[in-house]
Engineer: 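Starting off with a structure, shown below.
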4 protein chains.
Amino acid sequence: MARTAGSNGTRTLEAIRKAGLRLIYRQGYEAMSLRQLASEVGIQVGSLYNHISTKQDLLFDLIRVHMEELIARLDRALEGFDSPADRLDAFIRFHVEYHIARKREVFISYSELRSLEPKNYDVIVELRGRYERRLIDILDEGVAHEDFTTADTTVAAFGILAMLTGVCTWFKPGGRLSKDEVIEVYSGMIRDGLVRPGAGFTPDRLLPRPPAGAVPGA
Amino acid sequence: MARTAGSNGTRTLEAIRKAGLRLIYRQGYEAMSLRQLASEVGIQVGSLYNHISTKQDLLFDLIRVHMEELIARLDRALEGFDSPADRLDAFIRFHVEYHIARKREVFISYSELRSLEPKNYDVIVELRGRYERRLIDILDEGVAHEDFTTADTTVAAFGILAMLTGVCTWFKPGGRLSKDEVIEVYSGMIRDGLVRPGAGFTPDRLLPRPPAGAVPGA
Amino acid sequence: MARTAGSNGTRTLEAIRKAGLRLIYRQGYEAMSLRQLASEVGIQVGSLYNHISTKQDLLFDLIRVHMEELIARLDRALEGFDSPADRLDAFIRFHVEYHIARKREVFISYSELRSLEPKNYDVIVELRGRYERRLIDILDEGVAHEDFTTADTTVAAFGILAMLTGVCTWFKPGGRLSKDEVIEVYSGMIRDGLVRPGAGFTPDRLLPRPPAGAVPGA
Amino acid sequence: MARTAGSNGTRTLEAIRKAGLRLIYRQGYEAMSLRQLASEVGIQVGSLYNHISTKQDLLFDLIRVHMEELIARLDRALEGFDSPADRLDAFIRFHVEYHIARKREVFISYSELRSLEPKNYDVIVELRGRYERRLIDILDEGVAHEDFTTADTTVAAFGILAMLTGVCTWFKPGGRLSKDEVIEVYSGMIRDGLVRPGAGFTPDRLLPRPPAGAVPGA
DNA sequence: AATGAATGAGTATTCATTCAT
DNA sequence: AATGAATGAATACTCATTCAT
C-alpha cells in the first residue's frame with residue numbers, strides 16, 4: 001500500500017532532519033553521533049537507516065536543500081527590481097533576513113563544508129558560486145551603469161557577503177537593534193561607507209603602513 | 001638541570017603545534033586524530049603526552065597564543081596613528097595582512113570555538129572581545145569627531161570585521177589581485193561605500209521590500 | 001516487541017556476567033581487561049556495550065545482586081529457628097555453605113570493594129551492614145537470654161564472620177574434610193572454644209605479654 | 001666515594017617503599033601507577049628505576065620483608081611461654097597487636113597475593129605456611145596434652161587466623177574498644193566459646209539444617 | 001641519582017554501519 | 001518501519017619501562 005504523505009515514515013525523516021540540523025549546528029558534524037541523533041528523535045540508532053543512507057548523506061542533503069532554496073528564494077526576492085541600486089538593496093535585505101531566519105542551515109553550510117566528501121563538496125561549492133554570481137552580476141551592472149564604483153566587483157561581492165553573513169553569528173531577535181535597523185546600518189555602509197562626505201581622508205593620500213614587525217613574516 | 005633552549009623537547013613541542021595547526025585547519029579539531037598528529041610529527045602517540053596534556057589543551061593553547069599575539073601586534077600596528085581615519089585605515093591594513101599571513105590560526109580561532117570546553121571558550125571570547133573593542137573605539141572616536149557616520153558603531157565594527165576576515169578564506173597569494181590591491185578595495189568600500197556620489201539611491205526613499213514568501217517564516 | 005526470554009541478548013548478558021565473575025575472581029577487577037572478557041564470551045569488545053554500560057557497572061551489579069541474594073537466602077535459612085543457640089547454629093551452617101557454594105561472588109565482594117566508585121561502595125557497605133546485623137542480633141538475643149556470654153557482641157560477630165568467611169579461601173570439595181565436618185569444627189569452636197573444660201587457663205590469671213620489641217611500634 | 005647509610009639514595013628508596021605501601025593499600029597494586037608513586041615521592045617516574053627494578057619487585061619486596069619480620073617477631077613473642085595455653089594466648093596477643101600496628105602490610109600481603117608472579121607467589125605462600133605452622137603446632141601440642149579439644153587443628157588454626165586477622169579491617173584506635181579489650185574478647189571466644197556452660201546446646205543434638213533452597217545449588 | 005623524552009603495547013569506551021527478526 | 005544485537009575499526013589517553021644526558 002502506498003504511504004500517504006505525512007505518513008509515519010515521512011514524519012520520522014523530517015524529525016531526523018530537524019534534529020540533525022540542530023545537533024550539527026550546536027556541536028558540529030564530527031561531534032554529533034548517530035546515537036545522539038536517534039535518541040533525540042526517539043528511535044533506536046539502527047532505525048535511522050530506514051530513512052537516511054549514511055551520516056554523510058544527511059549532512060549533504062541538509063546543505064544542498066538549503067542552498068537550492070536559498071537561490072530559488074533570492075530569485076523571487078529580486079523580481080521586480082530593475083536598477084542595480086534597487087537590486088543591491090533587495091539583495092542585502094533578502095540575504096540578511098534569510099540568514100537570520102535560517103541561521104542554522106546557513107552556519108552549517110559554511111562550517112561543515114570541509115566535512116563533505118569531495119563529490120558532495122563540489123556540488124555545494126558550485127551552488128554557492130551560483131548564489132555569489134547573482135551579487136557579482138548586480139555589482140557589474142551597477143559599475144556598467146556608472147552607479148557603483150569599485151576596483152573589483154568580485155572582491156567587493158565577497159566583502160559584502162562576508163559582512164552580511166556575519167549577522168547570523170551575533171544577531172539576537174529582541175536584542176538592542178531590530179532586524180530592520182541592522183539592515184539599515186549595513187545598507188548604509190555598503191552604499192555610502194563610513195566617512196562623512198567632506199571629512200576624513202584625502203583622496204590621494206598614501207595609505208598608512210604598519211611599523212616593521214607588526215605583521216608576522218611580513 | 002634545565003635543558004638548553006632548542007633541546008629536543010622544545011623542538012618536539014614546536015613540531016606538534018605546527019602539525020596540529022595544519023591538521024586542525026585542514027580537517028577540523030574533531031576530525032584530527034592524535035594518531036595522525038603523532039605520525040605527522042614522527043613520534044609515537046604516547047610521546048605526544050610528554051609535551052601536551054590533552055588534545056583540548058593543544059587546541060586551546062593554539063588559539064590563545066594566537067589571540068594574544070593578534071592583540072599585541074595590533075597595538076603595535078596602531079602606534080603613531082592619531083586621527084580616527086588613519087587609525088581605521090591602519091586597522092584595516094593590519095587586520096588583512098595579519099589574517100592573510102596567519103590564515104590557519106585565524107580560521108581555527110573562529111571555526112573551532114565550539115570545540116572549546118566552556119572554561120576555555122570563555123577565555124577566548126574575552127580575548128576576542130578585547131580585539132573587537134579596539135575597532136569599536138576607533139569608530140566611536142570617529143563618530144565623536146564627526147569624521148564617521150553610522151547608526152551603530154558596534155554593528156558597523158562587526159560588519160567590517162566579518163568583511164575583512166573573510167579575506168583569509170579566499171585570498172591566494174599570486175592570485176588575480178595583490179594583497180595591497182585587496183586592501184585598497186576594502187578600504188575604499190569601508191570609507192566611501194559602493195555608490196558613486198551623485199548616483200544611485202535617493203537619500204530618503206523607502207527601502208525596497210522582498211515579495212511575500214521570499215524569506216521563510218517572514 | 002519484547003524479545004522472548006532466553007533470547008540471544010539475555011543469554012549474552014548472562015555469559016558476560018559469568019565470565020566477568022570468573023575473571024575478576026581470578027585476576028582482580030583492575031587486571032581484567034574488557035578485551036579478555038569479550039574474548040571469553042566470544043564476542044567483539046564493542047558488543048559488550050550492548051549489554052553493560054561500563055566496566056564499573058558490571059562489577060557493581062555482580063556484587064549487589066550477590067549481596068541481595070545473600071540476605072534473602074539467609075532470612076529463608078533462619079526461618080523456623082527460634083532459640084538463639086539454634087539460630088546461631090543455623091547462621092553458621094548457612095554462611096559456610098553459601099560461602100562455599102558461591103566462593104567467587106563472596107571473594108570479589110570483599111576484595112573488590114575498593115574498586116567500587118564511592119556511590120556504589122556506599123550501597124554495598126550498607127547491604128553488608130544489614131547482613132552483619134542479622135548475626136549481631138542473634139548474639140544480642142543470646143546474651144539477653146543468658147545463653148551466650150561475651151564482652152561485646154559486635155566484635156564477636158565480626159570475629160565469627162571473619163572466621164567463617166575464611167573458609168572459602170581454602171576449602172576444596174573432595175579435600176581432607178567434608179563440608180559438614182568443617183561446619184562441625186567451626187560450630188564447636190564458636191560454641192565451646194578450644195579449651196577442654198577443667199584444663200588450661202586459670203580464670204583470673206594475668207594474660208601473658210609479649211617481650212618488648214616483638215610488636216613494632218608497640 | 002662510598003655512600004653513607006642514610007644517604008640520599010637510601011632515603012629515597014625508603015620513601016618509595018613507604019609511598020608504595022600506602023598507595024597499594026589504598027588503591028591496589030594494579031590501580032597504582034608508577035607515575036603516581038613517583039609524584040608522591042617527589043621525583044620523576046624514570047628516577048624510580050634507580051631504586052627499584054620493576055613494579056612487581058617493589059610489591060614482592062614489600063610483602064616478603066613483611067612476612068619475614070612477622071615470623072621473626074612472632075618467635076620472639078613466643079619466647080618464654082611453655083604451656084600450650086600460654087603459647088596460644090601469646091600468639092593471639094601478638095597476632096592482633098602486630099596486625100593492628102602493621103595493618104597496611106598485612107592487608108596487601110593478603111589482597112595482592114594474586115598480583116604476584118608465580119615465582120614470587122610461591123615464596124610468599126611458603127612463608128605464610130611457616131607462620132601458620134607455628135599456630136598449628138601450638139594447637140597440636142595442646143591437643144596432645146589434652147588441654148585443647150578440636151576435631152582438626154589445621155582447620156581450627158585457619159579459623160583462628162581468619163578471625164584475628166579480620167581485626168585489621170575494622171579496628172580503629174580510639175574507637176569504642178581498646179586494643180586490649182578486643183584481645184580479651186577474642187581470647188575468651190577462642191578459649192571458651194560463646195555458650196555459657198550449662199546453657200544452650202545439648203551435646204549430642206542433631207545440627208539444625210536450612211530449609212531446601214536456602215543455599216544455591218545445595 | 002635524577003631528568004625528560006621516548007617507546008609500544010595497553011586501557012575503556014564510542015563510532016557508523018549492518019542485519020535478522 | 002522499528003528493534004536489539006553485532007561488528008570492526010577508531011578514539012583519547014595511560015602504562016611500565018628504557019635510556020641518553
Side-chain angles (χ1 to χ4, degrees), chain A residues 3 7-13 30-38 41-56 58, chain B residues 1-4 7-13 30-38 42-56 58, chain C residues 1-4 7-13 30-38 42-56 58, chain D residues 3 7-13 30-38 41-56 58:
Chain A
R3 297 238 156 210
S7 73
N8 245 9
T10 304
R11 264 188 275 124
T12 304
L13 177 56
E30 289 280 352
M32 172 194 75
S33 83
L34 292 191
R35 276 158 166 75
Q36 224 184 341
L37 178 57
V41 174
I43 59 178
Q44 292 307 110
V45 68
S47 309
L48 288 174
Y49 286 85
N50 290 317
H51 305 277
I52 64 172
S53 54
T54 63
K55 189 187 178 189
Q56 168 74 201
L58 173 61
Chain B
M1 269 313 124
R3 292 267 164 161
T4 53
S7 76
N8 250 9
T10 304
R11 264 188 274 124
T12 304
L13 176 56
E30 290 280 350
M32 172 193 76
S33 83
L34 294 190
R35 275 161 162 70
Q36 231 183 333
L37 177 57
I43 59 178
Q44 294 306 112
V45 131
S47 307
L48 287 174
Y49 286 86
N50 290 319
H51 306 278
I52 64 172
S53 54
T54 62
K55 189 188 177 190
Q56 166 76 200
L58 173 61
Chain C
M1 269 308 125
R3 293 265 164 162
T4 53
S7 75
N8 250 10
T10 304
R11 264 188 276 125
T12 304
L13 176 56
E30 289 281 351
M32 173 193 74
S33 84
L34 294 191
R35 273 160 162 72
Q36 232 182 333
L37 178 56
I43 58 177
Q44 294 305 112
V45 122
S47 307
L48 288 174
Y49 286 85
N50 290 319
H51 306 278
I52 63 172
S53 54
T54 62
K55 188 188 179 191
Q56 166 76 199
L58 174 61
Chain D
R3 294 232 157 217
S7 73
N8 246 9
T10 304
R11 266 189 275 125
T12 302
L13 176 56
E30 290 280 351
M32 172 193 75
S33 83
L34 293 191
R35 277 157 166 75
Q36 224 183 340
L37 177 57
V41 175
I43 58 178
Q44 292 307 111
V45 69
S47 309
L48 288 174
Y49 286 86
N50 290 318
H51 307 277
I52 64 172
S53 53
T54 63
K55 189 188 178 190
Q56 168 74 203
L58 173 61

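These numbers come from the heavy atoms of this one structure, side chains and all, not from hydrogens, waters or symmetry mates. To find a chain, count down the sequence lines: A is the first, B the second, and so on, and within it residues start at 1.
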Engineer: Please list, chain by chain and in numerical order, all residues satisfying side-chain hydrogen bond (donor to acceptor under 3.5 Å, both in side chains) with D:Q44, sequence neighbours excluded.
Structural biologist: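 Not a single residue meets the side-chain hydrogen bond (donor to acceptor under 3.5 Å, both in side chains) criterion with D:Q44.
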Engineer: Please list, one pair per line, the donor and acceptor atoms closer than 3.5 Å that link side chains of residues 45-53 of chain A to other protein atoms, with sequence neighbours excluded.
Structural biologist:
| from | atom 1 | to | atom 2 | distance (Å) |
| --- | --- | --- | --- | --- |
| A:S53 | OG | A:D57 | OD2 | 3.0 |

Engineer: Under 4.0 Å between a side-chain N or O of B:H51 and OP1 or OP2 of E:dA6?
Structural biologist: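 For B:H51, the contact criterion (side-chain N or O under 4.0 Å from OP1 or OP2 of E:dA6) is met.
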Engineer: If I take atom CD1 in residue D:I52 and atom P in nucleotide E:dA1, what distance separates them, rounded to the nearest angstrom?
Structural biologist: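 Going from D:I52 (CD1) to E:dA1 (P), I get 14 Å.
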Engineer: Check for a donor-acceptor pair, side chain of D:K55 on one end and backbone N or O of D:M32 on the other, with a separation under 3.5 Å.
Structural biologist: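 Yes; judged by distance alone, with no hydrogens or angles, the pair exists.
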Engineer: For DNA chain F, what string of dots and brackets results from 5' to 3' when Watson-Crick and G-U pairs need both distances under 3.5 Å, crossing pairs get [ ], and pairs with another strand get |?
Structural biologist: .||||||||||||||||||||
Engineer: How many angstroms lie between atom CD1 of A:I43 and atom CG of A:L37, to the nearest 0.5 angstrom?
Structural biologist: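 If we round to the nearest 0.5 Å, A:I43:CD1 and A:L37:CG are 7.5 Å apart.
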Engineer: Could you run through nucleotides 7-12 of chain E and give me one letter per nucleotide, 5' to 3': B if any protein heavy atom sits under 4.0 Å from the base, S if only the sugar-phosphate is that close, - if neither?
Structural biologist: BS--BS
Engineer: Please give, in whole Å, the distance from E:dG4 P to B:L13 CG?
Structural biologist: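 About 14 Å, once rounded to whole Å.
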Engineer: Under 4.0 Å between a side-chain N/O of C:T12 and OP1 or OP2 of F:dA5, yes or no?
Structural biologist: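 No, outside the criterion.
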Engineer: Please give, in whole Å, the distance from F:dA6 C1' to C:R11 CZ?
Structural biologist: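 Taking CZ of C:R11 and C1' of F:dA6, I get 14 Å after rounding.
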Engineer: Which value, rounded to the nearest 0.5 Å, describes the distance between C:L13 atom CG and C:R11 atom CZ?
Structural biologist: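 Rounded to the nearest 0.5 Å, the CG-CZ separation comes out at 12.5 Å.
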